[in-house]
Trainee: 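There's a structure below that I have some questions on.
Start at 1 with the first residue, then count along the sequence. All ligand and atom numbering here is 1-based and tracks the order in the structure. Small disclaimer: the values here were computed from a predicted structure and weren't measured.
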Amino acid sequence: MINSLSPNFDARPEGQEVDILLMHYTGMRSGEAALERMCSAQAKVSAHYMVEEDGRVFQLVEEKDRAWHAGVASWAGASDINARSIGIEIVNPGHEFGYRAFPEVQIAAVVELARGILSRHRVPAHRVLGHSDVAPSRKEDPGELFPWGELAQAGVGWFLDLTETGETAPSGLSLGDRGEAVSDLQKRFRAFGYGIDITGEFDLLTEAVCRAFQRHYCPAQLSGVADAKTQGVLAAYLDKAPFRD
Ligand SMILES: [Zn+2]
């Protein structure tokens, strides 16, 4: 662990426990550039940790403090995600600068780091999330190449192998659709944790939430269309979910 302390943090609210672990990619041309930005007082952004592509781990903010990584965000009805989370920035150029696979040595370092964090804080598996989950309209990270299944197998997060899952819906829903089927879909996304309004219209936010869900839980379906398979996967997660623990 390399200490590279950032000035960009403040205290967590009194008595606030950590119950979310949030994964990001840096989305910059290099890890050095990301580190420099997160340590610059002008930028006002940070994370607790950054993991380089070669597996080196940098600590920028102490876990007891609130790092500034989530921005405007929402999960399960809460909006101050920074207050209750630990943020890990994983070096990758991201969709803007050449999104690429995360090297094995980097993922191994993320797993080891995350397991340590989970041993120190009570974070349920279903609250190990991506930035795109809590800010679906603005963010795509850590993206569809992030190996959530591999992490889950190592005890980090929640990922079901649903390759055999059937299709629960008679047909897909997409941008512009309206009606009860859309309201029901929005209610299910909301029950899962996404910050979504029940409007009965498959609007831009619904599309963004659908895409965020696909990126994390069924990346092969990534389209923003709530196709029958995606709806089947969502139903399977809701069936098994310990959401109200
Ligand atoms: Zn992010």
Trainee: Under 2.8 Å from the Zn ion (ligand 1), which protein N, O or S atoms do you find? Ignore water molecules.
Mentor: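 Near the Zn ion (ligand 1), below 2.8 Å, one finds His24 ND1, His131 ND1, Asp141 OD2.
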Trainee: Checking the side chain of Gln186 only, and the main-chain atoms of Thr199 only, is there a donor and an acceptor separated by less than 3.5 Å?
Mentor: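 Looks like yes, one N/O pair under 3.5 Å.
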Trainee: Could you give the side-chain donor-acceptor pairs of residues 116-125 under 3.5 Å, partners two or more places apart or in another chain?
Mentor:
residue, atom, partner, partner atom, Å
Ser119, OG, Gly116, O, 2.6
Arg120, NE, Glu63, OE1, 3.0
Arg120, NE, Glu63, OE2, 3.4
Arg120, NH1, Gly116, O, 3.3
Arg120, NH2, Glu63, OE2, 2.7
His121, NE2, Glu63, OE1, 2.8

Trainee: List in chain and number order the residues that pass side chain to side chain contact (heavy atoms under 4.5 Å, CB included) with Glu32, two or more places apart in sequence or in another chain; answer none if no residue qualifies.
Mentor: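 Glu32 satisfies side chain to side chain contact (heavy atoms under 4.5 Å, CB included) with Ser30, Glu52 once adjacent residues are dropped.
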Trainee: Which pairs count as salt bridge (charged side-chain N to carboxylate O under 4.0 Å, His left out) when at least one residue sits in residues 84-104, sequence neighbours excluded?
Mentor: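 Applying salt bridge (charged side-chain N to carboxylate O under 4.0 Å, His left out) to every pair that reaches into residues 84-104, excluding sequence neighbours, yields Asp19-Arg84, Glu53-Arg100.
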Trainee: Just so I know, are the side chains of Leu5 and Val61 near enough to count as touching, which here means a heavy-atom distance under 4.5 Å?
Mentor: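 Heavy-atom side-chain distance check fails, nothing below 4.5 Å.
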Trainee: Any ion pair linking Asp54 and Arg56 (charged N to carboxylate O, less than 4.0 Å)?
Mentor: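 A salt bridge links Arg56 with Asp54.
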